[in-house]
Number of protein chains: 2
Amino acid sequence: MKYSHQTRILVAVDCIIFGFDGEKLKLLLIQRGIEPEKNKWSLMGGFVEPGESLSLAANNILKKLTGLEGVYLEQLQAFGEVNRDPIERTVSITYFALIDIHKYEKQLSQEYHAEWFEMNKIPELIFDHNEMVEMAKKRLRYKAALHPILFELLPEKFTIPQLQSLYEGIYDSVFDKRNFSRKILSTGLLIKQADKDKLSSKKGAFYYVLDKRKYNANFHAFLNLIPNPDHLQFV
Amino acid sequence: MKYSHQTRILVAVDCIIFGFDGEKLKLLLIQRGIEPEKNKWSLMGGFVEPGESLSLAANNILKKLTGLEGVYLEQLQAFGEVNRDPIERTVSITYFALIDIHKYEKQLSQEYHAEWFEMNKIPELIFDHNEMVEMAKKRLRYKAALHPILFELLPEKFTIPQLQSLYEGIYDSVFDKRNFSRKILSTGLLIKQADKDKLSSKKGAFYYVLDKRKYNANFHAFLNLIPNPDHLQFV
DNA sequence: CCAAAAGTGTTTGGTTTACACCCATGG
DNA sequence: CCATGGGTGTAAACCAAACACTTTTGG
């Protein structure tokens, strides 16, 4: 049995993939190999196939491009303007992903001509993809101000100065390091390691790992991770 | 030109419509007039038509059911499990709406057999609609803890005790009235009126109206409208 | 030995909470 | 005149922000 006299529409999933290389927040884009808009940059996406739920479609896309599974992936928004795709009407469900850039497997994505772009150097993208990226940035800022989400971008072991530089990049601000480390440590989510990262200073900075049990239990609690969030531009 | 060899899917919009009658938060549901699931309760929804964007579809659905335009309407989530509709695969984009229940025009919705349900008396709904309602409740709690969104549910003129009872209903808690009114008034969003509502007490409670200019300007700022939000259950 | 980054403590001001009494009035 | 709900103030605890010096070590 089917619903008759109803119009069926193409449904796509597009992924906004954020990565952090220890210095800067970046976005993974692909260069389209096919017409229309051949050679233009775009988000990685694909049509939803029969038998594939939306979240499965998003995970599949992410895996095809990066080789990664079990990544942080969250539904952002459905985009459904009638003419957003000039070829044929397509509703796109967007997901944003946070990945540790070092786990990204380059060879997989060469077939898609993928490249990481710094957030302030994002090229013109096809369709409404720039708008999607803007919305994802806002959502990330909003969410990271309240929840310890940015740990998803970091490697297993990381230092507090690295974490601070990630926050500073995302909010385009500079935070006081004494207040920052106090605030982060007071969440109780970090476990100090015995060894240090000596790459970026002579003294070296202690590594920390995330306490996964507490992280999962406390993820939805409101934290106050950003000073004066009121004046920042959110969703 | 079209994308060939791709499967097109039914796309629906379903609306989770919240209303407040001065006492309790309620949800507007309709009783299906047609098979399948005839006579079962469901959210108001409809298929997205050609030439209709998602947000327009949501507004149209709301207008057909309630007669209202310009209502607060926000996209919630896309639901896309493969078998969520047993008749035929349908991706549903959900929107939640906040309306002043007194503006709702009953005669319009009689053709849909619509009824308001108290939040703790929601019947079993078709498909995954109960899940959609749960998500909308969580989103409302989450959002109302940070943004002055609940004014959308109130009539033009309202009293602080009314507002407090709305918050208390949503969070299933009791708040200290001194702290509550101080907090709300300190947002600067309320303008005190000269007249009083004398329906619910002998002394009467002063009416307030929303300062729309400040409301629109400050909507995205983080407020701290709920005491101890940490222990409440959110998204 | 010194430049460069890591690490840490205190004071101050503001915000949040807990808490109790008086006010106005319709019946 | 009294029961009912409306309205308000204060003190204590807590939290956030501003701020500067010491430590470590590779070169």
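Convention: sequence-line order gives letters A, B, ...; per-chain numbering from 1. Since this is a predicted model, take the numbers as computed values, not measurements.
The aromatic rings of B:Y142 and A:Y142 sit tilted relative to each other, their planes meeting at an angle between 30° and 60°. The aromatic rings of B:W41 and B:F117 sit perpendicular, their planes meeting at an angle over 60°, well past the 30° parallel limit.
When distances are taken from the side chain of A:R178 to each of C:dA18, D:dT8, C:dT8, the shortest belongs to C:dT8. Of the candidate nucleotides D:dT8, C:dA6, D:dA20, C:dA6 has the atom lying nearest to any side-chain atom of A:P161. Of the listed nucleotides (C:dC19, D:dT8, C:dT10), C:dC19 has the atom at the smallest distance from the side chain of B:N179.
Side chains of A:E74 and A:Y72: a donor on one and an acceptor on the other come within 3.5 Å.
Residue pairs meeting the side-chain hydrogen bond (donor to acceptor under 3.5 Å, both in side chains) criterion with at least one partner in residues 205-216 of chain A, sequence neighbours excluded, are A:E152-A:Y215.
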Return a table of donor-acceptor pairs under 3.5 angstrom between the side chains of residues 121-133 of chain A and protein atoms on other chains or two or more places apart.
from   : atom 1 : to     : atom 2 : distance (Å)
A:E124 : OE2    : A:K40  : NZ     : 3.3
A:D128 : OD1    : A:R84  : NE     : 3.2
A:D128 : OD1    : A:R84  : NH2    : 3.0
A:D128 : OD2    : A:R84  : NE     : 2.6
A:H129 : ND1    : A:L43  : N      : 3.1
A:N130 : OD1    : A:L125 : N      : 2.7
A:N130 : ND2    : A:P123 : O      : 3.3

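In this model, the phosphate group of D:dA17 is approached by a side-chain N or O of A:K183 to a distance below 4.0 Å at OP1 or OP2. Between A:N224 and D:dA16 there is a side-chain N or O to OP1 or OP2 distance below 4.0 Å.
Two residues are said to be in side-chain contact when any heavy atoms from C-beta on lie closer than 4.5 Å; A:N59 and A:E69 fail this criterion.
Put simply, CG on A:D176 is 14 Å from P on C:dA6, counting in whole angstrom units. The interatomic distance linking B:K192 (NZ) with D:dG6 (P) rounds to 13 Å, in whole Å.
Taken residue by residue, residues 193-203 of chain A places heavy atoms nearer than 4.0 Å to DNA chain D at A:K198, A:K202, A:K203.
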